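First the structure, in the form of structure tokens, and then the observations on it.
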Amino acid sequence: MVNLTGEAKETKICLAETKETTDCNRVENAATQKHAVDIISLTAPALTAENTFEQPQNIVPLESTEDYKAEGYKYTFAPHSVTVMVFEE
């Protein structure tokens with residue numbers, strides 16, 4: 001996910017298969033057990049930010065792990081960020 005805006009963006013991600021709906025709250029037989037999602041993101045204070053020889057760690061990947069349920073997972077994408085999410089079964 002790429003967030004080019006200067007504002008954080010909250011998003012609800014549905015991972016369960018649905019037959020007749022895209023509404024996370026109406027997913028039938030959604031798994032209710034928790035699973036892990038690995039998150040790697042690059043975030044900068046501005047789109048023009050960059051690493052330099054003087055500041056080589058200005059923009060670095062941040063790694064984290066969170067729990068999610070298949071019937072819906074809310075995540076807030078940071079401003080000016082690129083985020084990779086790896087969902088485990």
Side-chain angles (χ1 to χ4, degrees):
M1 172 69 162
V2 177
N3 182 2
L4 295 176
T5 72
E7 300 176 8
K9 298 291 183 181
E10 184 177 270
T11 304
K12 187 169 186 179
I13 301 168
C14 301
L15 299 171
E17 286 187 34
T18 61
K19 293 184 179 180
E20 298 180 13
T21 183
T22 57
D23 182 357
C24 290
N25 298 322
R26 294 178 40 201
V27 174
E28 295 180 19
N29 300 322
T32 56
Q33 62 187 14
K34 289 185 179 180
H35 303 279
V37 55
D38 295 323
I39 303 167
I40 304 168
S41 63
L42 287 173
T43 304
L47 291 176
T48 56
E50 60 185 20
N51 289 345
T52 63
F53 287 113
E54 293 80 24
Q55 294 181 317
Q57 299 294 309
N58 193 31
I59 304 170
V60 295
L62 300 174
E63 297 184 23
S64 62
T65 300
E66 294 185 12
D67 290 331
Y68 76 91
K69 291 184 179 181
E71 69 267 18
Y73 170 66
K74 286 186 181 180
Y75 184 79
T76 302
F77 294 93
H80 306 126
S81 66
V82 175
T83 305
V84 175
M85 305 175 100
V86 179
F87 291 89
E88 299 174 7
E89 290 186 40

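The structure presented is a predicted model; accordingly, all values stated were derived computationally and were not measured.
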| field | Non-hydrogen side-chain atoms of Thr11 and Tyr75 separated by less than 4.5 Å | value | no

Check whether Asn3 reaches the backbone of Ser81 with its side chain - one donor and one acceptor, N or O, closer than 3.5 Å.
no

| Are any of the side-chain heavy atoms of Met85 and Phe77 separated by less than 4.5 Å? | yes

(message) Taking Pro56's backbone N and O only, do any of them form a donor-acceptor pair with Asn51's side chain (distance below 3.5 Å, no angle check)?
(response) yes

In terms of heavy-atom contacts, Ser41 and Thr83 come closest through CB-OG1, 3.6 Å

Notebook entry, point to check: With a 3.5 Å cut-off and no angle check, do the side chains of Glu66 and Tyr73 form a donor-acceptor pair?
Noted result: yes

Residues at least two apart in sequence or cross-chain that pass side chain to side chain contact (heavy atoms under 4.5 Å, CB included) with Glu54, listed by chain then number, are Thr52

Scanning both residues in full, the closest heavy-atom pair of Pro79 with Thr43 reads O-CG2, 3.4 Å

Leu42 meets the side chain to side chain contact (heavy atoms under 4.5 Å, CB included) criterion, sequence neighbours left out, with Ile59, Pro61

Value for NE2 (His35) from CG (Asp67), rounded to nearest 0.5 Å, stands at 10.0 Å

Under 4.5 Å between any side-chain heavy atoms of Asp38 and Glu88, yes or no? yes

Review point. Going hydrophobic residue to hydrophobic residue with side-chain gaps under 4.5 angstrom, can you get from Leu4 over to Val82?
Key: yes

| request: Find out if a path of hydrophobic residues (ILVMFWY) with successive side-chain heavy-atom gaps under 4.5 Å connects Val2 to Leu47. | output: yes

Q) Considering only heavy atoms from C-beta outward, does the side chain of Ile13 approach that of Phe87 to under 4.5 Å? A) yes

